[in-house]
K.L.:
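Before I ask anything, here is the structure I am working with.
As the structure lists them, so they are numbered: ligands from 1, and atoms in each ligand from 1. Atoms considered below: every heavy atom in the structure, side chains included; atoms not considered: hydrogens, waters and symmetry mates. Bear in mind that the values here come from a model prediction, so they are computed numbers and not experimental data.
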Amino acid sequence: MAKLSIRDLDLKGKRVFIRVDFNVPLANGGQEITSDKRIRASLPTIQYSLDQGAAVILGSHLGRPKGKPNAEMSLKPIASRLAELLGRDVKMASDCVGPDVAAMKPNTGEVLLLENLRFHAEEEANDPGFSKQLASLCDLYVNDAFGTAHRAHASTVGMVAFVPQAGAGLLMDTELTYLTKVTTNPERPGISILGGAKVSDKIEVISNLVNIVDRLLIGGAMAYTFLKSQGQGTGKSLVEEDKLDLAKDLLSRFGEKIMLPVDHVVSAEFREHAPSQVVERIPDGMMGLDIGPATVEAFSGVISSAKTIIWNGPMGVFEKPPFDKGTVAVALAVASSGATSVVGGGDSEKAVKSAGVADRISHISTGGGASLEFLSGVELPGVAALTEK
Ligand code: AMP
């Protein structure tokens, strides 16, 4: 069901509550922002609201304060950084609800940043009273925090019931547009490349995508559970014994769609620059740490003819060179394919960046967990809550 976007809302003269994702990495006891990427990602929606004549209230969580105030997880440093980036004042509230905050309600053209929503246990509990208090601050609601859209919290779901209209912010809208495009009638052939450590983390994603795509390429440690389920030796590779039956079942039902590695880069040690070799069959005592060159070639062939690509998870232990080669090669193949490509998960994002091809990917998702849930076919609560068009 299509949801309202911020562009559908009449923001002029209104107070808009924007649920942003300012869950940034901090150092020095919470004083220093080590990456302002998420703050920058919210700027288009904030600037758009101000340009439309709104007063802006920003709410976010930061870290896991477990329902209590914690100076190390205060959003104060973010207010200063945001003010610099916006080139205008940002008022910082001492809390996110209560009379002091209500007295600070911004006027047209002003920006108020609320203190960490998770300083109140009611946020994660999706408490109706707390939701109502948050909603009382605003006339309209916008959710731009895709990364928390898979959580039904007060600021992502609860408060929406108490506002007249709720729309997706520009960042959220882009996420939904791309993820919907690649999963609903994708231009064919549509393929998915899945990797990473565990089958168990991605069972729902595999089960859903296998029905949508034409080919499913599996790399990373996940592949060894599939290979072992076919009776192949996997040495010391990471295998989830309790998922062997599931892997076997998926292969028996969708074997013609699923492509597994045909060779591997193996080593006896799990460390950077450990001595390694390429093998077709993993010897005892060795572990598979990357896909081999023949697999890279086979995968690249499928990738180059794809029109739609969904990629989540690295093909090997890409943090430890030389076991990054397979992942980097896949990143290059995806970038060169000319397909509509959506990449999700922090590791695949790092891989496309380190390969220098991020600008040739159609969309890099900002929410790891949320994008996985979307790909598993579940409607995200934070999206479901928005007003229908
Ligand atoms: P995920 O968070 O599930 O996407 O998994 C990412 C992690 O999987 C990365 O830290 C990789 O190092 C790890 N990984 C990928 N391939 C392998 C492998 N063959 N053996 C062990 N770990 C792997």
Side-chain angles (χ1 to χ4, degrees), residues 147 150 192-209 216-229 232-244 246-247 259-296 299 309-331 334 342-355 361 364-376:
H150 58 316
S192 179
I193 311 157
L194 294 178
K198 292 183 179 168
V199 180
S200 49
D201 290 343
K202 292 175 190 166
I203 293 171
E204 287 84 5
V205 177
I206 300 172
S207 311
N208 187 45
L209 287 183
L216 185 64
L217 280 42
I218 297 183
M222 265 170 63
Y224 306 118
T225 300
F226 282 89
L227 291 171
K228 187 162 184 182
S229 82
Q232 275 204 38
T234 51
K236 286 199 298 174
S237 308
L238 203 62
V239 165
E240 286 172 280
E241 298 288 338
D242 62 335
K243 295 292 172 283
L244 289 172
L246 175 99
M259 259 179 105
L260 295 171
V262 292
D263 63 345
H264 319 274
V265 182
V266 298
S267 176
E269 298 164 74
F270 187 84
R271 65 166 170 88
E272 231 173 88
H273 305 300
S276 63
Q277 63 193 94
V278 174
V279 297
E280 284 179 11
R281 291 282 179 265
I282 302 173
D284 287 346
M286 293 286 209
M287 61 192 126
L289 295 179
D290 195 10
I291 55 173
T295 307
V296 166
F299 281 13
I309 301 172
I310 303 166
W311 178 19
N312 191 298
M315 298 292 100
V317 186
F318 89 108
E319 307 92 324
K320 299 187 197 301
F323 307 108
D324 57 339
K325 278 197 190 138
T327 306
V328 170
V330 163
V334 172
V342 171
V343 170
D347 293 325
S348 322
E349 178 182 350
K350 273 186 214 143
V352 292
K353 288 198 170 145
S354 73
I361 303 297
I364 300 177
S365 180
T366 55
S371 68
L372 275 182
E373 288 214 14
F374 189 103
L375 295 177
S376 66

K.L.:
Which of the numbered atoms in ligand 1 are under 4.0 angstrom from any heavy atom belonging to D347?
P.N.:
6 (C), 7 (C), 9 (C)

K.L.:
Would you call M222 a ligand 1 contact, heavy-atom distance under 4.0 Å?
P.N.:
no

K.L.:
Answer whether the closest heavy-atom distance between the side chains of E241 and K228 falls below 4.5 Å.
P.N.:
yes

K.L.:
May I ask you to list the atoms of ligand 1 that are less than 4.0 angstrom from any heavy atom of G316?
P.N.:
11 (C), 14 (N), 15 (C), 16 (N), 17 (C)

K.L.:
Counting only nitrogen or oxygen atoms and a 3.5 angstrom limit, does A221 reach ligand 1?
P.N.:
yes

K.L.:
Quick one: which ligand 1 atoms are inside 4.0 Å of a heavy atom on P314?
P.N.:
4 (O), 6 (C)

K.L.:
Could a heavy atom of F323 be found less than 4.0 Å from some atom of ligand 1?
P.N.:
no

K.L.:
At less than 4.0 angstrom from any non-hydrogen atom of G288, what atoms of ligand 1 do you find?
P.N.:
18 (C), 19 (N), 20 (N)

K.L.:
Please say whether more than 12 non-hydrogen atoms of neighbouring residues, nucleotides or ligands are located less than 6.0 Å from CD in E280.
P.N.:
no

K.L.:
Can you pull out the closest protein heavy atom to atom 8 (O) of ligand 1? Residue, atom name and distance to 0.1 Å, please.
P.N.:
A197 N, 3.1 Å

K.L.:
Would a 4.5 Å heavy-atom cut-off, applied to side chains only, mark F270 and L289 as touching?
P.N.:
yes

K.L.:
If you measure every N/O of K202 against every N/O of ligand 1, is any gap under 3.5 Å?
P.N.:
yes

K.L.:
Is Q277 close to V266 at the side-chain level, that is, under 4.5 Å between some pair of heavy atoms?
P.N.:
yes

K.L.:
In the structure I gave you, are the side-chain heavy atoms of W311 and T327 within less than 4.5 Å of one another anywhere?
P.N.:
yes

K.L.:
Taking all atoms of both residues into account, what is the closest heavy-atom pair of F323 and S276, and its distance?
P.N.:
CE2-CB, 3.7 Å

K.L.:
When you measure from the side chain of D290 to the backbone N and O of V265, does any donor-acceptor pair fall under 3.5 Å?
P.N.:
no

K.L.:
Please identify which atoms of ligand 1 are closer than 4.0 Å to at least one heavy atom of V317.
P.N.:
12 (O), 15 (C), 16 (N), 17 (C), 18 (C), 20 (N), 21 (C), 22 (N), 23 (C)

K.L.:
Ligand 1 and N312, any nitrogen or oxygen pair closer than 3.5 angstrom?
P.N.:
no

K.L.:
What protein heavy atom lies closest to atom 9 (C) of ligand 1? Include the residue and the distance to one decimal.
P.N.:
E319 OE2, 3.2 Å

K.L.:
Are any non-hydrogen side-chain atoms of L238 and M287 less than 4.5 angstrom apart?
P.N.:
no

